[in-house]
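Presented below is the structure to which this report refers.
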Protein chains: 2
Amino acid sequence: MTLAKARPRTRIQKKNRAAILEAALEVFSTHGFRGATVDQIASEAGLSKPNLLYYFPSKEAIHSALLERLLDTWLDPLRAIDPQGEPLEEVLAYVRRKLEMSQSLPRESRLFAMEVIQGAPRIHDVLSSDLKQLVDETAALLEDWMAQGRIARVHPHHLIFSIWSLTQHYADFDVQVRAVLGREDPFAAAPAFLETLYRRLLTP
Amino acid sequence: MTLAKARPRTRIQKKNRAAILEAALEVFSTHGFRGATVDQIASEAGLSKPNLLYYFPSKEAIHSALLERLLDTWLDPLRAIDPQGEPLEEVLAYVRRKLEMSQSLPRESRLFAMEVIQGAPRIHDVLSSDLKQLVDETAALLEDWMAQGRIARVHPHHLIFSIWSLTQHYADFDVQVRAVLGREDPFAAAPAFLETLYRRLLTP
DNA sequence: GTCTATAGCCTGATAGAC
DNA sequence: GTCTATCAGGCTATAGAC
């Protein structure tokens, strides 16, 4: 008998759990929590609905597992800013990492966007505690750099918002961006555009 | 998208149709199309479900009516850019108008965001025809201005994306922005931040 | 024009055979 | 561990009384 939170032990269990989370990411990120159906997730994972519910006790549990796993990795680029580094280069590297995440993990970005647009009912506490603290710390660091004249003055919190916004836009609004650009790949010109933008904004 | 039906004639009909669209905006913008229920919309509009379905033939029809009404007003700020105006001021005025729309029409912004994140199944044609054309025209205007040295060189399409992204972020991610800022009103510092950003980016 | 009643399907979740 | 069968409730939409 295994505890509810114990890691899966067999190869089949690992494979099925992974398939479920993969399918759930696809469905939740395009339809939101209420719009997603267990049937659809099970079908995309290649399992029957009851079989899926053998691995996760409920729809809610799948969604929580996804969000939990996501929040871990989602804030890593922010934590990776080095207070000892060269200020402008640190910011540009952060922008680059966030943009790469939009390109390589667009569904994760949309899952997060969905949750927040819907009022963040499941992660509001994390946003106003852990996230707020991390952002406040980073904002303080940015303000130091500004006070030392190493980057130009702007509102540090809004600077961080702008980075989130500009990078995640390429994942969340991918369809619109591609519809407007036609054949041109969004990620061809985006890195240079964002680098130019933040160089001009922050060069003292 | 379906064509608009005949306008309602009586005062009661006008009032009820307006109440339904108002309620539907609230529900669709927070739960997406599939996550929204006719029951919830009817209840928020103060009508019974069958009564609601007397005014609109289906859930789909309500959603279409909302999107149709929205697309009209959503692109007005872009159309209002004056080719004869002073380039930098025209862009800044566009940014200002878009930000004001995020503040005054956040649910409309989220409705649009939801639709696009879900793959824009109902407006994809409009995006790649009407919207693309409008953006291409504006991009051409921006390129003229850049060629004349009246604003600095950047990728014109990505410049437009950046304006959408930065302004709509304050509506779509309102919950997150407020969670991070605490007591501070997002719209207090946002206008100045965005003006600074685009002045530094575009001043030749 | 608005209601009650309900059709008919889909939902999340469970029971029990194998 | 995985399946078929199934539940109770929620879903969109319709029928028909008034």
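Every chain is numbered from 1 and lettered A, B, ... according to where its sequence line falls, protein lines coming before strand lines.
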Quiz item: With sequence neighbours left out, what residues match B:W164 under side-chain hydrogen bond (donor to acceptor under 3.5 Å, both in side chains)?
Solution: B:Y94
Quiz item: Hey, does the side chain of A:Y54 come within less than 4.0 Å of D:dG1's phosphate (OP1/OP2), counting only N and O?
Solution: yes
Practice problem: Name all residues meeting the side-chain hydrogen bond (donor to acceptor under 3.5 Å, both in side chains) criterion together with B:E26; count only those two or more places apart in sequence or in a different chain, and write none if there are none. | Solution: B:R107
Exercise. Return the orientation label for the B:F161 and B:H157 ring planes: parallel under 30°, perpendicular over 60°, tilted otherwise.
Key: tilted
Quiz prompt | Whole-Å distance separating the NZ atom of A:K14 from the P atom of D:dG1 | solution = 13 Å
Quiz item: Taking only residues at least two apart or on different chains, which pairs with a member in residues 180-189 of chain A satisfy salt bridge (Lys or Arg N to Asp or Glu O under 4.0 Å)?
Solution: A:R178-A:D185
Self-check item: All side-chain hydrogen bond (donor to acceptor under 3.5 Å, both in side chains) counterparts of B:E90, not counting sequence neighbours
Solution: none
Quiz item: Base, sugar-phosphate, or nothing: which does B:I12 touch, judged by heavy atoms less than 4.0 Å apart?
Solution: sugar-phosphate
Quiz prompt | Sequence-distant partners of A:F33, ring pair (Phe, Tyr, Trp, His ring centres under 6.0 Å), two or more places apart | solution = A:F28, A:H63
Practice problem: Quick one: label A:Y55 by what it contacts on the DNA or RNA (base, sugar-phosphate, nothing), any heavy atom closer than 4.0 Å. | Solution: sugar-phosphate
Which donor-acceptor pairs under 3.5 Å do the side chains of residues 43-55 of chain A make with protein atoms, sequence neighbours left out?
unit_1: A:S48; atom_1: OG; unit_2: A:N51; atom_2: N; d: 3.2
unit_1: A:Y55; atom_1: OH; unit_2: A:N16; atom_2: ND2; d: 2.8

Quiz item: Counting just side-chain N and O atoms, does B:N16 come under 4.0 Å of either OP1 or OP2 of C:dG1?
Solution: no
Quiz item: Would you say a side-chain N or O of A:S48 is under 4.0 Å from OP1 or OP2 of D:dC3?
Solution: yes
Quiz item: Is there any salt bridge (Lys or Arg N to Asp or Glu O under 4.0 Å) pair reaching into residues 158-167 of chain A, and which pairs are they, with sequence neighbours excluded?
Solution: none
Self-check item: Sequence-aligned protein contact record of nucleotides 11-18 of chain C, with B where the base is within under 4.0 Å of a protein heavy atom and S where only the sugar-phosphate is
Solution: SBBB----
Exercise. State, to the nearest 10°, the angle formed by the axis through the first five base pairs of the helix from C:dG1-D:dC18 to C:dC18-D:dG1 and the axis through its last five.
Key: 10°
